[in-house]
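Single-structure report; data block below.
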Amino acid sequence: MEQMDLLQAFEIIVDKAKNSSLGEKFYEETDSYLEFVSDKLDISKRASAIMALFADRCDDSHIQFSDFTDFLGCRILSLLRYANEIQELVDKEYVCRNRDEGFYYTIPMEVMEAFQHNERYNPMDVEELTARELFDKFDELFTKCRRRKIDKQVLRRKLRALVAKNEKLAFVKAMASYDVDADDMNFPLFVLFCTLFVVNGDDDIRYHDLEFIYKEGEAEWLGAKRSLSQGDHLFFVEKFIEYTNDDGFVDRESFKITDDAKKQLFSELNLSSMRGSRLKGGMLSFEDISPKQLFYNSKEQRQVEELTSLLDEEHFQRIKNRLKEANFRSGFACLFYGAPGTGKTETVLQIAKKTGRDLIQVNVSEVKSMWVGESEKNIKGIFDDYKKKVKQLAKAPILLFNEADAIIGKRQVGAERAVEKMENSIQNIILQEIEQLDGILIATTNLPENMDKAFERRFLYKIQFEKPDLNCRTQIWQAMIPPLNDADASYLAGKYDFSGGEIENIARHFTIQSILHGQPENMVKSLAEFCESERLEGSRTKRKIGF
């Protein structure tokens, strides 16, 4: 046994467990190996047997009791006798339990990495933390819980341990002022409110930010939600939180920590730096957008000019008021669609520049989390944050969903898989938010044929961006490469049916080449070579080029 390691012990235990029903003979034959695992991991021998079975399925993210019955040659009732041992493994965080979808288990990758090094997994070093480190640990735990890597019971136990081992911090001492201690049922909710503010700068906390720390539909959450909406929750009584205020009207579904509570609880932290948003990438000021000349075919030109005029603040407010009077939706939802490289994204930037509107670009890949359930919260949070920006700023900013194909595609009929249900849920949220929009949303897509009909109906303005015609291509060539004369620009435009983005790409290649080697003797020949290269590259792969 001197040369034994955890993985070898697990392997022997699993081999002996096959068709054993985990009976007395199994425990007799594996006693020394179970004792080795028990001492190494600080768990009971019976828990060590179950740990070996879990470790043997470490590549499975949905381990269930029933997965072991055929292997062990026993009924599932026999395995139910190991409920205490499984809880022991959950408490140690060697396995994670998920009750939300079918009651399954997973083994975190970091646990198996520790076992590979013949080491016990130690989740966190939690003693003598700074205030900022404490909140980072809180955030780490809440993120794991939200992503279902740990269950609610483990979350509460870990939060209590963090507080107990850092009781010298001013934040921990100040908690007593709000009649909340680590054993209180409101304790996790209190810590979550504080973490959302410290880590995200969040002064617009909503129910969907909070509910994940409770079991779905459990009485504790229903009671907390009811008392929060009625304003008689302990947190209101203790003046820890208050409703947000919207132009003098109380929003009973949005909460913030009071200024007095912030001063008392976060004295160790720099409050001025605590600002953030769920809007990925932040907000781009219209003043920071570089002006750029764009060229369109005649139809697109008229449509873009009309939309730009409508979004001029004076026109925008007047039209919004008239729409409201007629009981129509007052928000502007627009769709820019067409082939890659035709100027959709750059047009949004230039409209923002000309109308003096800041721009918020949503990163769709960041919104669509791999964790089922979190994507819906992300998208709802984005619209909640956008509404707040609309009310704060003198001019409504533009909310841009760039390359939105992934979230406005056709909904799945009869969706059964979790991912399909998530996709449909995201789309339903966006459809509802467009209905209630009080600002400006622009989505761009290269694949309009895949768009769900429900979205098509909700976009007030739809502008198709086609590849530039001959006259337009000629103007783009001359704008990109000023030394070109009319004849040469017309020749290149006629020979190569490129989009504006492709022409810009060629112009960049040409400029770099000129910097390195000087101006070529035959400019048109050199440009034609780059055109042929671009044509070959384009034929090999579908390129997404924006300009």
Side-chain angles (χ1 to χ4, degrees), residues 279-281 296-297 299-300 302-304 306-308 310-311 328-349 351-352 359-369 372 375-376 378-380 382-383 386 398-468 499-501 541-547:
L279 289 166
K280 304 299 182 184
Y296 306 100
N297 298 334
K299 181 180 177 181
E300 296 159 15
R302 289 193 304 272
Q303 290 177 309
V304 171
E306 180 181 354
L307 181 59
T308 304
L310 290 173
L311 297 185
F328 290 127
R329 296 196 306 269
S330 61
F332 276 66
C334 314
L335 179 72
F336 291 178
Y337 66 98
T342 49
K344 299 182 294 294
T345 304
E346 188 61 46
T347 296
V348 180
L349 291 170
I351 288 176
L359 183 73
I360 299 168
Q361 180 166 332
V362 177
N363 187 326
V364 174
S365 63
E366 289 183 20
V367 170
K368 291 186 66 176
S369 168
V372 176
S375 299
E376 296 93 317
N378 287 343
I379 201 72
K380 186 68 171 65
I382 283 170
F383 279 102
Y386 178 69
I398 295 172
L399 182 62
L400 169 62
F401 281 81
N402 202 26
E403 295 186 4
D405 315 272
I407 56 175
I408 64 174
K410 290 183 173 65
R411 284 173 288 180
Q412 301 289 331
V413 178
E416 295 182 358
R417 293 188 304 155
V419 173
E420 292 174 341
K421 291 179 180 178
M422 177 196 71
E423 298 279 0
N424 285 355
S425 180
I426 289 175
Q427 290 169 321
N428 289 335
I429 291 170
I430 296 175
L431 287 168
Q432 182 180 357
E433 292 292 343
I434 292 177
E435 287 283 347
Q436 302 169 354
L437 185 69
D438 193 33
I440 304 161
L441 181 149
I442 300 179
T444 70
T445 177
N446 299 329
L447 303 169
E449 63 275 10
N450 292 341
M451 186 172 62
D452 193 281
K453 291 294 182 184
F455 281 101
E456 187 175 336
R457 291 193 301 270
R458 281 166 173 82
F459 286 115
L460 181 64
Y461 276 87
K462 294 180 278 286
I463 301 179
Q464 181 177 9
F465 287 72
E466 298 179 334
K467 277 196 171 185
S499 69
T541 180
K542 292 182 179 180
R543 297 157 49 87
K544 289 185 177 180
I545 309 169
F547 82 103

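For the single chain, residues carry numbers from 1 onward in sequence order.
Between Tyr296 and Thr347, the side chains place a donor N or O and an acceptor N or O closer than 3.5 Å (distance only, hydrogens not considered).
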Quiz item: Passes side chain to side chain contact (heavy atoms under 4.5 Å, CB included), Met451 versus Leu335? Steps please.
Solution: CA-CA 11 Å; Met451 186 172 62; Leu335 179 72; 3.6 Å; yes
Quiz prompt | Evaluation steps, side chain to side chain contact (heavy atoms under 4.5 Å, CB included), between Leu399 and Ile442 | solution = CA-CA 6 Å; Leu399 182 62; Ile442 300 179; over 6 Å; no
Practice problem: Go through the steps to decide whether Gln427 and Phe455 satisfy the test side chain to side chain contact (heavy atoms under 4.5 Å, CB included), and finish with yes or no. | Solution: CA-CA 9 Å; Gln427 290 169 321; Phe455 281 101; 4.0 Å; yes
Exercise. Please assess Ile426 against Ile429 for the test side chain to side chain contact (heavy atoms under 4.5 Å, CB included), listing each intermediate value before the final yes or no.
Key: CA-CA 5 Å; Ile426 289 175; Ile429 291 170; 5.7 Å; no
Exercise. Could you check Phe465 against Phe336 for ring-ring contact (aromatic ring centres under 6.0 Å, His included), going step by step and ending with a plain yes or no?
Key: CA-CA 7 Å; Phe465 287 72; Phe336 291 178; 5.2 Å; yes
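Counting heavy atoms of neighbouring residues, nucleotides and ligands inside a 6.0 Å radius, atom NZ of Lys299 does not exceed 12 of them.
The structure places NZ of Lys344 at 10.5 Å from CD of Gln464, a figure rounded to the nearest 0.5 Å. In this structure, CD in Glu433 is found 8.5 Å from CD1 in Ile379, a value given to the nearest 0.5 Å. The CG atom of Leu310 lies 4.0 Å from the OH atom of Tyr461; values are rounded to the nearest 0.5 Å. To the nearest 0.5 Å, atoms CD1 (Ile360) and CG (Leu400) are separated by 10.0 Å. Taken from CG in Asn402 to OG1 in Thr444, the straight-line distance is 3.5 Å, to the nearest 0.5 Å. Atom CD1 of Ile434 sits about 11.0 Å away from atom CD of Gln432, to the nearest 0.5 Å.
Nearest heavy-atom pair across Ile463 and Val304 is CD1-N, 4.2 Å. A pairwise comparison of heavy atoms in Pro468 and Ser499 identifies CD-CA, 3.9 Å as the closest pair.
For Glu466, there are no salt bridge (Lys or Arg N to Asp or Glu O under 4.0 Å) partners, not counting sequence neighbours.
Ion pairing between a basic and an acidic side chain is recognised when a charged N comes within 4.0 Å of a carboxylate O; Lys462 and Glu456 show no such pairing.
No donor-acceptor distance shorter than 3.5 angstrom exists from the side chain of Ser330 to the backbone of Asp438, with no hydrogens or angles considered. Proximity of a side-chain donor or acceptor of Tyr386 to a complementary backbone N or O of Ile440 within less than 3.5 Å is detected.
Leu441 has its side chain out of reach of Cys334: every pair of non-hydrogen atoms, C-beta onward, lies at least 4.5 Å apart.
The aromatic rings of Phe383 and Phe401 sit parallel, their planes meeting at an angle under 30°, below the 60° perpendicular limit.
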